[in-house]
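Reading through the structure tokens given below for one structure.
For the numbers below, each heavy atom of this structure counts, side chains included, while hydrogens, waters and symmetry mates do not. The sequence lines fix the lettering, A, B, ..., with proteins before strands; numbering per chain opens at 1.
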Amino acid sequence: MRRAASTAWSTTSPPSRPRPSNGSNHIVTVRTRYAPSPTGALHIGNVRSGLFAYLFARHNGGEFVLRIDDTDQERSTQESLEEILESLRWLGMEWDKGPPESRYFQSSRFDRYREGALQLLRDHKAYPCYCTAEELDAKRKQAEREHRKPGYDGKCRGLPFAADLALPDKRAGRNYTIRFRSPRTGETVVADHVKGRAVFDNAELDDLIIFRSDGVPTYNFATVLDDADFGITHVVRGDDHLPNTPRQMQIFYALGLKPPEYAHLPLVMGPDGQKLSKRHGATSVFAYREAGYFPEALLNYLARLGWSHGDQEIFSKPELIEYFDFAACGKSAGIFNAEKLLWLNFHYMKERPLPQLAREVRPFIERAGYQRIPGGEAWLEKMIATLRERAKTLVELVDFARFYLSDAITIDPKAAAKFLKPEIAEPLKALAQEIESIESIDGGFSEAAVQAAFERVLERFGMKLGQLAQPVRVALTGGTVSPGIYEVIAVLGKAPTVARLRAALERVESAA
RNA sequence: GGUCCCAUCGUCUAGUGGUUAGGACACCGGCCUCUCACGUCGGGAACGCGGGUUCGACUCCCGCUGGGAUCACCA
């Protein structure tokens, strides 16, 4: 049994001990991590794996660490890092350990990776490889042509090397890579929390590069050292990493360390059944935030994609934490369903306390180009109340609010042709008068008062509500679709209502 | 192609040997109604195929088929 001697831990920088979170010194038995690389936006397929890691940690009262995998200096950017951090904060996936603390950036841990590589070299569990990238590439292509497996052929594996071999560093003229000497025989078993048992034949594992010729460690190596040093107990990630797992486990063994437990989650696919990516359209967390989605909806949707708790569809974050369990995770990939996310968003739209919704909608109003909001906080809430059941996103809500937010409404010609006909002139005129005579407080009045005004006009002209409501709707909103007409008028207020009614009247009369 | 993973309505899923196979999104229809929505009621819609095991398989086993992931000096 390849068990790590417990003393092996002492040769590494010891994992930070769990902070006494509430004064008690309970031992953290679960510590998960999410390790995005700052090479682009935070992708929703990717963040879902992070969410599951987060939920598992929280469910077990453990810790969630955020690590930034930025060994790829060329592709990593500050903007991406900030977007990732902001996205996680927005989603409410707060981390216990991580940025801004520098040790959670791989780029700050190069000394540690060097030390690890040197250890492996010393133990002859790694060796220098002098093959060039071009040479390797050619061999790979050749192998593919001949239908052989494209892995490294082990050319440099048997070469002797100095016990105190220096690590590669192109600038210092040491142009070679360090390869891990992977065992040739036996098998590596991944006892996965969601996939179950996956067995890999070690003969399939080739010797992977752990240090590049420029002296930068590669992902598979850095991640092992990090997971070990930070005391990660459960590696929760997408199942695209499953093929890497036996390699990483072998590195743990070679280092004299015990691998963590693993949970590989199925990936999120696009509608075409392929791994979700940029070409499927909006896939970043930011894109959804900007499109007017709520973090609760995204979180709920992502959690429910590949995980379930009976027939329940709506989950608050505390519920997610309480119920989360790997056993309830599905094993097969799920297709991202934008419609269902929309439905969830709609659900949270309806549930939201009005004051909160009002606060959240303001930036969207501003972004839509409106200079000012016609009323105060109470007015805004009233307006939102009439629209929230008709909009699925904040962007949509603002879009519907057009006729509330600006007096410059444009009347749809088709609607006008159908409803603003000469015979409606008199009723419209009467209604304008009725509305004008309603007692108002600060220009506002009640729906009931509006209804009474309508009823008087209806009776006088012997009309049905529908015959009057549609023309009025066109006059006030410019179209045939809107919230209830009494509501619209109550929100709009006296002056704008009368003004629009008169404007429509003019239009009718000039057309006649 | 090698290796690994996966397989219930179009989609997300419940199901853990005996169910009229349940729910949700979407879709269709009724009701409500000043329009549109909301709401509500109802409807169509699934166990990939073939072998076993068993008194009995959606459920267990094997094979096939199909889908996916991965095979970098990316992560």
Side-chain angles (χ1 to χ4, degrees), chain A residues 35-39 46 69-72 74-76 106 129 131-133 136-137 140 143-144 146-152 168 170 175-179 190 192 194-196 198-201 203-206 208-214 216-220 222-223 238-246 264 266-267 269 271 273-275 301 304-314 328 330-344 346 350 387-391 400 415 419 454 464-474 477 479-486:
Chain A
S37 70
T39 53
N46 189 270
D69 281 13
D70 59 352
T71 52
D72 188 347
E74 265 149 48
R75 298 197 300 147
S76 296
Q106 288 190 326
C129 172
C131 300
T132 65
L136 260 16
D137 204 43
R140 197 162 23 241
E144 227 158 282
E146 294 168 13
H147 298 295
R148 298 191 333 265
K149 42 183 150 182
Y152 178 62
K170 258 188 202 156
N175 196 9
Y176 45 84
T177 62
I178 303 296
R179 276 187 194 273
V190 181
D192 196 271
V194 345
K195 296 285 183 173
V199 182
F200 294 83
D201 193 336
E204 296 293 332
L205 276 29
D206 63 353
L208 76 164
I209 290 173
I210 58 173
F211 252 78
R212 315 195 312 198
S213 55
D214 60 2
V216 174
T218 58
Y219 164 77
N220 275 302
T223 203
D239 72 8
D240 49 342
H241 284 279
L242 194 51
N244 281 329
T245 307
H264 286 95
L267 298 178
M269 306 297 191
Q274 308 272 300
K275 186 173 165 181
Y301 179 73
R304 215 22 214 80
L305 180 57
W307 172 83
S308 62
H309 183 70
D311 282 339
Q312 191 171 341
E313 295 287 349
I314 306 294
K331 294 177 168 193
S332 51
I335 292 174
F336 184 82
N337 185 245
E339 305 262 299
K340 187 145 183 183
L341 205 210
L342 224 34
W343 172 76
L344 274 165
F346 174 60
K350 285 185 297 184
L387 295 174
R388 69 192 322 189
E389 283 178 357
R390 285 158 239 264
F400 283 146
F419 295 108
F454 262 73
K464 291 224 185 228
L465 177 57
Q467 295 172 282
L468 183 58
Q470 277 307 78
V472 171
R473 197 181 316 274
V474 174
T477 72
T480 55
V481 172
S482 87
I485 200 65
Y486 307 145

>> Under 4.0 Å, heavy atoms only, any strand: does A:F346 hit a base, just the sugar-phosphate, or nothing?
In response: sugar-phosphate
> How does each nucleotide of nucleotides 68-75 of chain B score, in 5' to 3' order, for protein heavy atoms under 4.0 Å: base (B), sugar-phosphate only (S), or none (-)?
Replying inline: SSS-SBBB
>> Mind checking if A:G306 touches a base, just sugar-phosphate, or nothing, with heavy atoms under 4.0 Å?
In response: sugar-phosphate
>> Test of understanding: with ring-ring contact (aromatic ring centres under 6.0 Å, His included), list the residues that count as partners of A:F400, not counting sequence neighbours.
In response: none
>> Rounded to whole Å, how long is the line connecting atom CG of A:L344 with atom C1' of B:U11?
In response: 13 Å
>> List the residues meeting salt bridge (charged side-chain N to carboxylate O under 4.0 Å, His left out) with A:D70, not counting sequence neighbours, and say none if there are none.
In response: none
> Of all heavy-atom pairs between A:P266 and A:G330, which one has the smallest distance, and what is that distance?
Replying inline: CG-O, 3.3 Å
>> Using side chain to side chain contact (heavy atoms under 4.5 Å, CB included), reason through A:D239 and A:K195 one step at a time and then give a plain yes or no.
In response: CA-CA 9 Å; A:D239 72 8; A:K195 296 285 183 173; 2.9 Å; yes
> Under a 3.5 Å cut-off for both distances, is B:C9 Watson-Crick or wobble paired, and to whom?
Replying inline: none
> Roughly, in whole Å, what's the span from CD1 in A:I314 to P in B:C12?
Replying inline: 18 Å
Report each atom pair, protein N/O against N/O of nucleotides 29-34 of chain B, whose distance is under 3.5 angstrom.
unit_1	atom_1	unit_2	atom_2	d
B:C34	O2	A:R473	NH2	2.2
B:C34	N3	A:I485	N	3.1

> What pair of heavy atoms forms the shortest contact from A:R140 to A:P150, and how long is it?
Replying inline: CG-CB, 3.7 Å
> How are the rings of A:H241 and A:Y219 set to each other: parallel, tilted or perpendicular (split at 30° and 60°)?
Replying inline: tilted
>> Applying the Watson-Crick and G-U wobble criteria at under 3.5 Å, what pairs with B:G39? Answer none if nothing qualifies.
In response: B:C31
> What's the CH2-P distance between A:W307 and B:U11, to the nearest Å?
Replying inline: 22 Å
> Under 6.0 Å from the six-membered ring centre of A:Y152 and within 45° of its axis: does the NZ or CZ of A:R179 meet both?
Replying inline: yes
> P atom, B:U53 versus B:C5: distance in rounded Å?
Replying inline: 27 Å
>> Rounding to an integer number of angstrom, what distance separates B:C71 and B:G29 when you compare their P atoms?
In response: 49 Å
> Which residues satisfy the salt bridge (charged side-chain N to carboxylate O under 4.0 Å, His left out) test with A:K275, sequence neighbours excluded?
Replying inline: A:D240
>> Distance check, C1' atoms only: B:C61 and B:G23, in whole angstrom units.
In response: 31 Å
> For the side chain of A:S308 and the backbone of A:G310, is there at least one donor-acceptor N/O pair under 3.5 Å apart?
Replying inline: no
> Are any of the side-chain nitrogens in A:E313 or A:R304 under 4.0 Å away from the carboxylate oxygens of its partner?
Replying inline: yes
>> Under 4.0 Å, heavy atoms only, any strand: does A:V199 hit a base, just the sugar-phosphate, or nothing?
In response: sugar-phosphate
> Can you tell me the Watson-Crick or wobble partner of B:A46, both distances under 3.5 angstrom?
Replying inline: none
> Which parts of nucleotides 21-28 of chain B does protein reach within less than 4.0 Å, heavy atoms only, written one letter per nucleotide 5' to 3' as B for base, S for sugar-phosphate only and - for none?
Replying inline: -BBBSS--
>> A quick test of your reading: do over 12 heavy atoms of other residues, nucleotides or ligands sit less than 6.0 Å from CD of A:E146?
In response: yes
> Hey, are A:T177 and A:R212 close enough side-chain-wise for a donor-acceptor pair under 3.5 Å?
Replying inline: no
> Across all strands shown, which nucleotide pairs with B:U53 by Watson-Crick or G-U wobble geometry, both distances under 3.5 Å?
Replying inline: none
> If we call it a pair only when both distances are under 3.5 Å in a Watson-Crick or G-U wobble match, what pairs with B:A26?
Replying inline: none
>> Need the pair for B:G2. Rule: Watson-Crick or G-U wobble, both distances under 3.5 Å, any strand; none if unpaired.
In response: B:U70
> To the nearest Å, how far apart are A:L468 CG and B:U35 P?
Replying inline: 13 Å
